[in-house]
Amino acid sequence: MPIDFLYPEYEVIRDNTRCITCRVCERQCANEVHHYDKELNMMFSDESKCVVCHRCVSLCPTRALKIVKTDNTFKENANWTGDAITEVYRQAGTGGVLLSSMGNPKPYPIYWDKMLINASQVTNPSIDPLREPMETRTFLGKKPTKVEYDQKGGIINNLTPQLDLKVPIMFSAMSYGSISYNAHESLARAAKELGTFYNTGEGGLHKDFYKYGKNTIVQVASGRFGVYKDYLEQGSAIEIKIGQGAKPGIGGHLPGAKIVGDISKTRMIPEGSDAISPAPHHDIYSIEDLRQLVYSLKEATNYKKPVIVKIAAVHNVAAIASGIARGGADIIAIDGYRGGTGAAPTRIRDNVGIPIELALASVDQRLRDEGIRGNVSVVVGGSVRNSADIVKAIALGADAVYIGTSALLALGCHQCRSCQTGRCNWGIATQRPELVRRLNPNIGYERLVNLVHAWEHEIKEMMGGMGINSIEALRGNRLMLRGIGLNEKELSILGIKHAGE
Amino acid sequence: MNYVIIGNSAAAIGCVEGIRQVDKKGKITIISDEPHHTYSRPLISYLLLGKTDEERMKYRSDSFYEDKNVTAMLGVTVTKIDTDKRCVELEGEKPVKYDRLLVATGSRAFIPPMEGLDTVDKKFTFMKLDDAKALEDAINENSRVLIIGAGLIGLKCAEGINDRVQSIEVVDLADRILPSILDETGSAMVQKHIEDNGIKFTLSDSVAQFDKNTATLKSGKVIEFDVLVIAVGVRPNTQLVAQAGGAVNRGIVTDDRCRTTLKNIYSAGDCTESLDITTGQERILALLPNAYMQGETAGIDMAGGQKLYDKAMPMNAIGFFGLHIITAGSYNGEAAVIQSGNSYKKLVTADDTLIGYIMIGDVARAGIYTALIREKKPLSSIDFDLIKEKPQLMAFSKRERAKTLGGLR
Amino acid sequence: MLREGEVRIPAGCAISGIIAKDGEKFNGEDIIKSISVMRDRSNGLGGGFAAYGIYPEFKDYYAFHVFYDSTKAKEDCEAYINKYFETVSMSKMPTRQMKEITDEPLIWRYFVRPLQYTLFQKQVAEDEFVFQSVMFINVNIDGAFVFSSGKDMGAFKAVGFPEDVGEYYRLEEYEGYCWTAHGRYPTNTPGWWGGAHPFAMLDCSVVHNGEISSYDANRRYIEMMGYNCTLQTDTEAITYIIDYLVRQQGMTYEDAASVMAAPFWSTIESMPKAQREKMTYLRNAFASMLITGPFSILVGFTGGLMALNDRLKLRSMVIGERKNKVYIASEEAAIRVIQPDLDNIWAPKGGEPVVIRVNGGAL
Amino acid sequence: MKRIYVNEKWCLGCHLCEYYCAFANSGKNDMVKALKNITINPRIRIEEHNNVSFAVSCRHCEEPLCVKSCITGALTIKDGVISVNSDKCVGCYTCILSCPYGCISPSDQGAIQKCELCVKNAGGSPACVKGCPNKAIEWVER
């Protein structure tokens, strides 16, 4: 049907004066965009197949390639935008739910960018992190309400299990299956090197990675894939995933085509069967059910591991968090609406949930108002893009952050948002061996380590500027933030003053 | 330690370099009857061809003797080895003492008795630099050259002078060219290629009678010529060792450490016999790479180090008028032949190993085959079908590749 | 201009303290002399003193020092006090009229004890009830501010230079075994009497020089524990933290110092196991009470005095000893002026508390 | 000493090493100028078969058969690097006969060519290593 014809959104531009027909573009494109014509000794491309992953652009040794947004356009309409129109065409043609991946790309406000950080001048010296210790070590877990002394006056260690982080940055849940073995290895090795944690997501834990158990958080989600005794025992913490920012209220679906070999083994489901995670946990229909699962998991692991409950940032997140904090969880992870995913219905991704900044501010304040902030640590994720975002998150009250998309970017992701196709040219969101091979964990892990080290440096610089030399003195220190371009309501939710005040 | 080396070619140089790997200080003396700085004999045809010159022919740099702290006595002939006094006697010079002696005297051209040869004015052999220079002086664009012998030396000589003479005719008793290294198909292919470049062959025939510029063959054919080159074969220079009482068969007998049967006396190069691993027989393997490696082995052993020369085999890389030939090993086994276009390949296997091969035309990566022979690689441990197609490391196991390419120990 | 409580006010300052290790009592002249030397560190917008052992005749009663903006406030406050407390003595605070001290509020002093019936009814400890009452008055009774509430001790403070404040409160007439003083250099306050230092709660009084960068982290945490930081000053937050750790958690002052000015992790890692575990525990469990940024504080309490610097020692503080007396001040000159002949003088390291207890804690 | 090591696990078969090698040894300062419309003859070569691929270039053997066999002395080993003096080389191919890894090949100029770790060209360090997008080729001490 001619209606179904959609002009490619992006065009591959090849500078034939530069092209040396080395064919690396052709060899590296899993979408088969490029091909070589022997007769003409020239490369050609079919941009209708292009997902704009930039693999070819990045590898072209003579910079002969670029990808540009097409100037083919519908008649201008501020309401019926090109996207809006083509989505109607696509759905009219297929009758299907639109799928996409990674995080919400719509131009909603980014509150991180509407907050500014303080620095010391005169009355309080800034601290130079190159000359003075600058501490980022963070413990996650419940804090005791009362210090207990033994008969000799020594302090009794009445702490429940904690996670000990060298930096308050963890890698968020991404399952083996949604991302590749090599991506997992990169994350695991980086977490170990960095003294932090990565998260299995709901995909089980490959036996090869048991050796990184001390730096692993194992997830228990609604499909319970790969969950069994050894799995629970491997990790340093257990995370119950209730929801994720990219698709709150929605389950997961890894197509049977991806359930092959080790993935099937690790998930403990037959090869070729679809891995369907239900929308809710079918044993959690209420907060008290959650409490039971929290304690079941603690019981199963002899109360040796903190339990994290991960929820998506939704409208009444503060009340939910309060319930979780009273439900025995040691750590609450909140995922904002910009959080990434391997696949989600586009409408859900783009329209459900709330910004993490507001969710964090209201959760932190609510827990303090109730006097239970010490019951839990708060970890936030859902588009933490740089070190300043982290400083702001901690100043708003977070104990640590989860990074997912940033970690994937470090591994080479170019945000083409086509994970759901399974043809990730960067070897991340794919299980095809020839593509998986493209992510060498020796490189991947080093890049993750670099990224976190760089951010750590920057965090320390910003802390030093504020005259703070330990991360706990920044936590919840909202006086260090000022809003810019925010209205009274936003300022009050964030609990910060406006710049100039 | 006082080392004396008789000879100044590949085996001698190998010996010097071998000694110096182990012993940086000992005194080394090289004695050679040729007055030249060490040079590479196989290059004499390339010299005539203009692909090299006397300067570039030097096998090692001008400072080699100095760098290696070697006393070079060039243009000096050894007359005798005195094993009792442990010295070598020289012509016109005082004897030189040795603690360890290497005999690397090489070989000389063999000139069979031929009727009327003494009537030929311009007759040459083609072994040494001086031979080449003499030949060069004797030829001009009007020369008609008769070469006796269609072996490696004769044909390289033919190629070397082809553009500088009027005509060349090659006569050999054998029914095909290069019989020592090629099979019949290969010989025919190469012969055709050489003929295409204007050289004529008369095979299965020999000279019955020379008369000045005329050669009458046994078949009755008469060939008029201006210059005669005799390249029917070589003979090893074994006299010194034989006189001193060392064992000599066709060549000087050596063991896998390159020792002769005489105490403290070693021998290496074209004058020796060594074990051909592809046939299990002792034979003369008069090839430069072998000479070097024998010399090096001898040198290391002389200086107290450890090294064995136990992987010898015949092997040749040669080319005529742009057609390249690489061969190695022996051909008594099961043969697989692959022929395509201008290329010819024959792989010979026996007892689950490759024992020989011939490659003509496309010789890329031939060394991979050579290594299969040298290491006696069981063919069942590799993908032989793959490697038959072309030499490639893909045919080996992942693990072996991890060792060779990935540094896995 | 907004006063303390309406806005956060950073300030620089001078502090001084004297304690007699044997409990010998001495009047306020020395401490006034000492703090006056550091006049340049104050700007006339606040000065104050705390003295311990000054009310031996009422030592079982809480001495409430209260500022009133109006008689209405006084009436409301006294109604509250009368409802829950037994008052054994009440009087106008003795002061002397001076041209340097102006705009004075009504200042009253009460010696009180909670009614046993009330404590029984509310099921709280006496201390806790007093604490809650002070909080209640300060937050809810408009114009009333209890600025001293300990037993056998008192805080005296005003807007003005500290030596004038001392003269104003006639401190030469009091005798105590421990004195602390404060001269204030706030950067943006009109100067409010309640905002001057020391800040005192129950018997704990704090004089502080510095500006802590961890303020809001500390404040938001301590507020969760039931404290109400009405003044938004560092001193208030620090006082509450100490109250929380020492009175509520039962920690020693040394342990409380290990929370507030915790050793660096790198230092902790090199400690012997038992100490390492303890420090790790304290830093982890009370992370939000770590105070960073420059501070030097003197914490007065019944029977003792603690001096503590921030862990980088970003503020000056020296300690001198002469016989039974220990002198602590922001500057050495402030000690030499009253005791030129010292046995010993040193600057304590950042983060290492110096705790002096009268008669080794036997008081 | 630092050597080029290849790990086929990470080789993508993209052939970029070959192109970077050809460029580095072209003597030209622009890749387009160097490689446009030519069939490259690099000193490193990819072998490919059934989804396995890897690059092969001179191993710089400690006991180099090519050097020992060279009839002209054109091949030498210095500081662990085996290089060819193409001025001396007559193209006899004895080295091709000898190299167990097939890492020596005829050059377009008649002599032979082999990987010289980019010590003679402007690269300074091996161009194939720099050009490999997946660290399948590394230049390291091992």
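Please read all numbers here as calculations on a predicted model, not as lab measurements. Letters A, B, ... mirror the listed sequences (proteins, then strands); counts begin at 1.
The greatest number of non-hydrogen atom pairs below 4.5 Å with chain C, out of A:Lys143, A:Gln162, A:Lys146, is found for A:Lys146. Most heavy-atom pairs under 4.5 Å with chain A, from the set C:Asn284, C:Leu245, C:Leu312, C:Ile291: that is C:Asn284. Per-residue counts of heavy-atom pairs under 4.5 Å with chain C were compared for A:Pro144, A:Gly153, A:Gly374; the largest is that of A:Pro144. With chain C as partner, the option from A:Ile471, A:Asn118, A:Thr145 having the largest number of non-hydrogen pairs under 4.5 angstrom is A:Thr145.
In this structure, A:Asn469 CG and C:Thr292 OG1 are separated by 5.5 Å, a value rounded to the nearest 0.5 Å. Of the inter-residue distances, the one linking A:Ile127 atom CD1 with C:Leu314 atom CG reads 5.5 Å to the nearest 0.5 angstrom. Distance check: A:Leu474 CG to C:Leu290 CG gives 11.5 Å after rounding to the nearest 0.5 Å.
At least one side-chain heavy atom of A:Leu479 sits under 4.5 Å from a side-chain heavy atom of C:Tyr215.
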A:Glu472 and C:Ser214: side chain to side chain contact (heavy atoms under 4.5 Å, CB included), yes or no, with the steps? CA-CA 8 Å; A:Glu472 53 259 55; C:Ser214 55; over 6 Å; no
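Neither the backbone nor the side chain of C:Phe295 comes within less than 4.5 Å of any heavy atom in chain A. With a 4.5 Å cut-off on non-hydrogen atoms, A:Ile394 does not touch chain C at all. If you measure heavy-atom distances from A:Asp164 to chain C, you find no contacts under 4.5 Å at all. Residue contact with chain A, scored on non-hydrogen atoms closer than 4.5 Å, involves the side chain of C:Arg311 exclusively. When heavy atoms are compared at a cutoff of 4.5 Å, A:Leu159 approaches chain C by way of both its backbone and its side chain. C:Tyr221 touches chain A through backbone and side chain together, each having a heavy atom under 4.5 Å away.
Around the NZ atom of A:Lys298, the shell of radius 6.0 Å holds more than 12 heavy atoms that belong to other residues, nucleotides or ligands. Under a cut-off of 6.0 angstrom, the local environment of NZ in C:Lys313 is crowded, with over 12 non-hydrogen atoms contributed by other residues, nucleotides or ligands. When the shell of 6.0 Å around CD of A:Gln121 is examined, it contains 12 or fewer heavy atoms from other residues, nucleotides or ligands. In this structure, A:His457 places its NE2 atom where only 12 or fewer heavy-atom neighbours from other residues, nucleotides or ligands lie under 6.0 Å away. Shown here is C:Asp40, whose CG atom has no more than 12 heavy atoms of other residues, nucleotides or ligands within 6.0 Å.
For the pair A:Pro125 and C:Arg315, the tightest heavy-atom approach, listed with the atom from each and the gap, is CD-NH1, 4.4 Å. Of all heavy-atom pairs spanning A:Asn124 and C:Ile212, the tightest one is ND2-C, 3.9 Å.
Residues in residues 355-365 of chain A take part in these salt bridge (charged side-chain N to carboxylate O under 4.0 Å, His left out) pairs, two or more places apart or across chains: A:Asp364-A:Arg368, A:Asp364-A:Arg373, A:Asp364-A:Arg478, A:Asp364-C:Arg220.
Under a 3.5 Å cut-off, the side chain of C:Ser213 and the backbone N or O of A:Gly467 do form a donor-acceptor pair.
Ion pairing of A:Glu135 with C:Arg283 is present here, as a side-chain N (NZ or NE/NH1/NH2) and a carboxylate O approach within less than 4.0 Å.
Of residues 247-259 of chain C, those residues with a non-hydrogen atom less than 4.5 Å from any non-hydrogen atom of chain A are, in numerical order, C:Gln248, C:Gln249, C:Gly250, C:Met251, C:Thr252, C:Asp255.
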